[in-house]
Amino acid sequence: MASNAPIGVFDSGIGGTTVVKELIASLPNEKIIYYGDTARVPYGNKSKETIITYSRQIAKFLLEKEVKAIVIACNTASAVALETLRHELTVPVIGVVKPGAKAAAEATKNNKIGVIATRATVNSGIYEEFLHKTDPKIHVYKQACPLFVPLVEEGWIDDDVTRSIIHRYLDGLLKKNIDALILGCTHYPLLAEEIGKVTGDKVKLVNPAFECAREFRYVLEENDILCEEENPHENEFYVSDDPASFAGFANSILGEGSVKKDNVFIKNFD
Ligand code: DGL
């Protein structure tokens, strides 16, 4: 596979643009082909079988675009479908869960780590599996926070309602004396400032998107497919519904003008 082939990135919708932001910062030469499943979002409360079916369809589409590697930007799809895709595909596939778990294991001093994520990610048990593999002495405390996704999509970040919901979800975790908290969903880094006000300075917030971008660079290097020369390109974006809303949200994350409306295409699966 040529090193100037694009990389494929996918998510259940718009939230994966937080991962795209970190990928652009860490790998500026790479061309990105992004798929956001905006018609079928959220994945976070769907069954394992459904999430795997959707992820397979998207991966197949990205391979038709001749991507050299795939990043599963969605925590839920990473938690549930990564192993299946790794097994079935011939290109490297990386998710956000393992890099996030690794960073949290490095950050904790008292071995008490909190994980907040969608219900599907929490129920998958994947974060504690990786954390316990790293260090069996780590205690993991989990909390599904399903209301965070719609709050972020509504733009209610600096908002009393959001602050009250953050307390409702996190007060129990904080009583466990955690000193690291994994923001285990694409949308949660956008609430990091407000979450940080509730958790205080003693709790390190871990953003798996940032860690994933760092690890993806190693994966490309190891496979000798890192694009080293400047590669003038337009990233391409595909969604299953409402390209205009996607472009609006993506520009709020990536910077105005980063995603041109005409560069967001509709792609649906049967
Ligand atoms: N992208 C999903 C995740 O990171 C959040 C939205 C959803 O539930 O699909 O888990």
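Atoms within a ligand are numbered from 1 in the order they appear, just like the ligands themselves. Side chains included, hydrogens not; waters and symmetry mates left out as well; all remaining heavy atoms used.
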Those residues at least two apart in sequence (or on a different chain) that pass ring pair (Phe, Tyr, Trp, His ring centres under 6.0 Å) with F61 are Y35, Y238
Across all chains, not counting sequence neighbours, the salt bridge (charged side-chain N to carboxylate O under 4.0 Å, His left out) partners of E193 are none
Can a side-chain donor-acceptor contact be found between T121 and T118 if the only test is distance below 3.5 angstrom? yes
message: Between R40 and Q57, is there a side-chain donor-acceptor contact under 3.5 Å, judged purely by atom types and distance?
response: yes
List ligand 1's nitrogen or oxygen atoms that come under 3.5 Å of a protein nitrogen or oxygen, with the partner atom and distance.
residue: ligand 1; atom: 1 (N); partner: D11; partner atom: OD1; Å: 2.8
residue: ligand 1; atom: 1 (N); partner: S12; partner atom: OG; Å: 3.0
residue: ligand 1; atom: 1 (N); partner: T186; partner atom: OG1; Å: 2.9
residue: ligand 1; atom: 4 (O); partner: N75; partner atom: N; Å: 3.0
residue: ligand 1; atom: 4 (O); partner: T186; partner atom: N; Å: 2.9
residue: ligand 1; atom: 4 (O); partner: T186; partner atom: OG1; Å: 3.2
residue: ligand 1; atom: 8 (O); partner: Y43; partner atom: N; Å: 3.4
residue: ligand 1; atom: 8 (O); partner: G44; partner atom: N; Å: 2.9
residue: ligand 1; atom: 9 (O); partner: S12; partner atom: OG; Å: 2.6
residue: ligand 1; atom: 9 (O); partner: Y43; partner atom: N; Å: 2.7
residue: ligand 1; atom: 10 (O); partner: T76; partner atom: N; Å: 3.1
residue: ligand 1; atom: 10 (O); partner: T76; partner atom: OG1; Å: 2.6

Q) Distance only, no hydrogens: is a donor on one side chain within 3.5 Å (strictly under) of an acceptor on the other, for D179 and T108? A) yes
Across all chains, not counting sequence neighbours, the ring pair (Phe, Tyr, Trp, His ring centres under 6.0 Å) partners of Y43 are Y54
